[in-house]
**Student:** 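Pasting in a structure now, in structure tokens, and then I'll have a few things to ask.
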Protein chains: 2
Amino acid sequence: MNALVREPRSQSIEDYLKVTYQIQEQSQWVTTSALAERLGHAPSSITNMVQKLQKLGYLDYTPYYGFRLTDKGKRLALGMLRHHRLLELFLVKVLGYTWDRVHEEAERLEHVVSGEFVERIDRLLGHPRLDPHGDPIPTEEGRLQETTHPRLLECFAGESVMVRRVSDASGEFLRYAAELGLVPDARIEVVECAPFEGPIRIRVQGKDHYIGRDAARRIFVERKNAKSSKPKRPLP
Amino acid sequence: MNALVREPRSQSIEDYLKVTYQIQEQSQWVTTSALAERLGHAPSSITNMVQKLQKLGYLDYTPYYGFRLTDKGKRLALGMLRHHRLLELFLVKVLGYTWDRVHEEAERLEHVVSGEFVERIDRLLGHPRLDPHGDPIPTEEGRLQETTHPRLLECFAGESVMVRRVSDASGEFLRYAAELGLVPDARIEVVECAPFEGPIRIRVQGKDHYIGRDAARRIFVERKNAKSSKPKRPLP
DNA sequence: ACAAAAACTTAGTCGTTCCTAACTATAGGT
DNA sequence: ACCTATAGTTAGGAACGACTAAGTTTTTGT
């Protein structure tokens with residue numbers, strides 16, 4: 001009938017929705033300050049934009065309480081995540097970036113590449129399911145393979161686990177993790193956990209390392225006893 | 001001293017300078033209306049931005065007369081052309097785009113890709129000198145191999161020439177040209193030129209085609225030295 | 001040479017998205 | 001319960017980059 005009213009959809013809007021989705025994955029309701037911190041904006045800017053996004057039907061908003069994406073908002077957010085993660089993998093596999101450098105580049109590219117571009121790199125990469133950090137890539141239809149791996153921090157001494165995902169929030173951490181061999185598919189043994197919130201000793205490829213709790217919180221693993229083979233994964 | 005004052009350099013500024021450069025290649029002085037038409041903006045918008053760009057040192061401007069890039073402006077414009085043309089070639093060679101679809105995608109990408117991205121695709125492509133339409137790619141240092149090939153329109157009946165460049169101003173024309181085999185490096189013979197501004201008959205890969213004068217104006221060729229020095233009927 | 005047409009500039013406005021400052025609602029501690 | 005600390009919202013404004021309308025300069029035609 002109409003479609004004459006074009007939906008505004010700026011880079012800002014895309015960022016707000018994408019980050020809202022990511023916050024929402026952990027806590028059902030998203031707060032103004034959480035989004036403000038993640039986007040690096042003043043809280044009042046968030047309130048303004050959230051009110052606008054509600055009018056556009058991208059999210060439900062209860063003043064002073066919080067907001068969450070509608071289906072429409074989720075669809076757009078998953079599209080952005082698909083762009084972002086495929087771009088990251090593309091940068092690593094095709095252009096030879098190291099995994100700690102891809103985030104910012106993808107962050108800028110994701111807003112301007114066309115659907116055609118994304119589908120072409122998807123094909124070129126063989127329809128991958130995970131990005132270089134182990135984050136799942138939403139399908140073109142907006143389906144996301146949820147992953148709920150425990151954190152390395154939650155493991156006990158003696159366990160043998162496999163790295164499945166590494167938080168990509170900090171390039172510096174990714175560089176550190178790669179140095180230690182803590183990349184997706186790496187096999188590690190938890191040798192001991194110091195008491196009183198102490199460091200964790202792990203063994204990777206025969207070498208022992210002590211890593212802090214913050215680091216162990218950023219690494220997600222799969223416990224080895226179950227499961228067999230998964231498709232091969234790219235190394236950064 | 002300074003470098004504390006960051007140079008503003010928006011997407012708009014980049015577009016203004018890039019297009020100014022392209023117009024400037026043909027006519028020393030660039031006019032408000034020429035730029036307005038190419039950018040699709042109102043003339044007053046051009047005046048405003050040009051005044052700003054002068055203050056920033058990107059161009060010299062004489063009110064009511066015209067403007068031209070400074071060295072600083074040229075450097076930036078050549079950087080944008082380098083981005084644009086490498087991206088176009090990349091889209092064709094690596095992602096399999098057809099040459100009539102690359103312009104818009106490159107137009108958006110050129111503003112967000114990092115220098116690292118561009119240098120990586122440059123290496124991947126083997127430091128190419130020409131984009132898919134035959135336009136020269138500026139070097140990283142901002143040097144541009146000038147090309148001054150004559151237009152097919154300026155050729156005479158009987159000449160045997162090689163296509164060197166095809167205007168990329170219209171995707172539709174590129175599609176038409178590709179259908180006829182009129183792509184860079186194609187060898188063509190000018191069979192006859194109808195009088196009274198009539199069409200031109202050419203032979204490409206053994207097949208004859210009649211093409212209009214507008215088309216012949218968009219194709220740039222190199223004369224094969226086999227022939228003639230005797231101008232017959234110059235096509236004006 | 002001079003009036004009309006064309007080209008260009010100025011002035012003022014609008015939408016977008018950010019900000020700061022000031023105000024309001026909710027939550028926690030005693 | 002109450003009162004303050006924290007979180008959230010409203011109001012107002014700035015930078016950008018586009019626009020329209022109106023005024024100015026240059027060019028053109030007779």
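We name chains A, B, ... by the order of the sequence lines, and we start the count at 1 in each one.
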**Student:** Could you give the CG-to-P distance, from L53(B) to dT9(C), as a whole number of Å?
**Tutor:**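 For the pair L53(B) CG and dT9(C) P, the rounded distance is 13 Å.
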**Student:** Scan S45(B) against the nucleic acid and name what it touches under 4.0 Å (heavy atoms): base, sugar-phosphate only, or nothing.
**Tutor:**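 If one applies the 4.0 Å heavy-atom cut-off, S45(B) turns out to touch a base.
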**Student:** Atom CG of L35(B) and atom C1' of dT9(C): how far apart are they, to the nearest Å?
**Tutor:**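 To the nearest whole Å, that distance equals 15 Å.
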**Student:** In whole angstrom, what separates Y65(B)'s OH from dT9(C)'s C1'?
**Tutor:**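 Atom OH in Y65(B) sits about 18 Å away from atom C1' in dT9(C).
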**Student:** Closer than 4.0 Å, any side-chain N/O of K52(A) to the OP1 or OP2 of dT17(C)?
**Tutor:**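 Indeed, a polar side-chain atom of K52(A) lies that close.
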**Student:** Could you state the atom-to-atom distance from CD of E14(B) to P of dC16(D) in whole Å?
**Tutor:**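 Atom-to-atom, E14(B) to dC16(D), this comes out as 15 Å.
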**Student:** Below the 4.0 Å mark, does dC19(D) have OP1 or OP2 next to a side-chain nitrogen or oxygen of S44(B)?
**Tutor:**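 Answer is no, no contact under 4.0 Å.
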**Student:** Hey, is the side chain of T47(B) poking within less than 4.0 Å of OP1 or OP2 on dT10(C), counting only N and O atoms?
**Tutor:**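 For T47(B), the contact criterion (side-chain N or O under 4.0 Å from OP1 or OP2 of dT10(C)) is not met.
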**Student:** Using the ring centroid of each side chain, check whether Y65(A) and W29(A) are separated by less than 6.0 Å.
**Tutor:**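 Under 6.0 Å, so yes.
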**Student:** Please report the shortest heavy-atom distance between Y21(B) and A77(B), naming the atom on each side.
**Tutor:**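 Residues Y21(B) and A77(B), closest heavy atoms: CB-CB, 3.6 Å.
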**Student:** Establish, with yes or no, whether the OP1 or OP2 oxygen of dA18(D) is under 4.0 angstrom from a side-chain nitrogen or oxygen of Y16(B).
**Tutor:**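 Result: yes.
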**Student:** If you look at every strand shown and take non-hydrogen atoms under 4.0 Å, does S12(A) touch a base, only sugar-phosphate, or nothing?
**Tutor:**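 The answer is sugar-phosphate, as S12(A) gets under 4.0 Å only of primed atoms, P, OP1 or OP2.
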**Student:** One thing to verify: whether D100(A) and R175(A) come together as a salt bridge, which I'm taking to mean a side-chain N less than 4.0 angstrom from a carboxylate O.
**Tutor:**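 Looking at D100(A) together with R175(A), the answer is yes, because their closest N to O distance falls below 4.0 Å.
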**Student:** For Q51(B) and for P63(A), locate the closest nucleotide of DNA chain C by heavy-atom distance; then report the residue assigned to the nucleotide nearer the 5' terminus.
**Tutor:**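 It is Q51(B) whose nearest nucleotide is closer to the 5' end.
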**Student:** Could you tell me whether the side chain of M80(B) reaches within less than 4.5 Å of the side chain of H111(B), counting heavy atoms only?
**Tutor:**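 A side-chain contact under 4.5 Å exists here.
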**Student:** For K18(B), is there an ion pair with E107(B) - N to carboxylate O distance below 4.0 angstrom?
**Tutor:**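 Judged by the 4.0 Å cut-off on N to carboxylate O distance, E107(B) and K18(B) do form a salt bridge.
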**Student:** Rounded off to whole Å, could you give me the CD1-to-C1' distance for the I46(A) and dT17(C) pair?
**Tutor:**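 That distance rounds to 11 Å.
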**Student:** Expressed as a whole number of angstroms, how long is the span from Y61(A):OH to dA25(C):P?
**Tutor:**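 Distance check: Y61(A) OH to dA25(C) P gives 13 Å.
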**Student:** Strictly below 4.0 Å: does Q11(A) bring a side-chain N or O up to OP1 or OP2 of dT16(C)?
**Tutor:**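 It does not, given that no N or O in the side chain of Q11(A) lies less than 4.0 Å from OP1 or OP2 of dT16(C).
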**Student:** Is there a side-chain polar atom (N or O) of S33(B) under 4.0 Å from OP1 or OP2 of dA7(C)?
**Tutor:**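 S33(B) to dA7(C) OP1/OP2: no side-chain N or O under 4.0 Å.
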**Student:** Round to the nearest Å and state the distance from N48(B) atom CG to dT20(D) atom C1'.
**Tutor:**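 These atoms are roughly 12 Å apart.
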**Student:** Rounded to whole angstroms, how far apart are CZ on R9(B) and P on dG17(D)?
**Tutor:**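 R9(B) atom CZ is separated from dG17(D) atom P by 13 Å.
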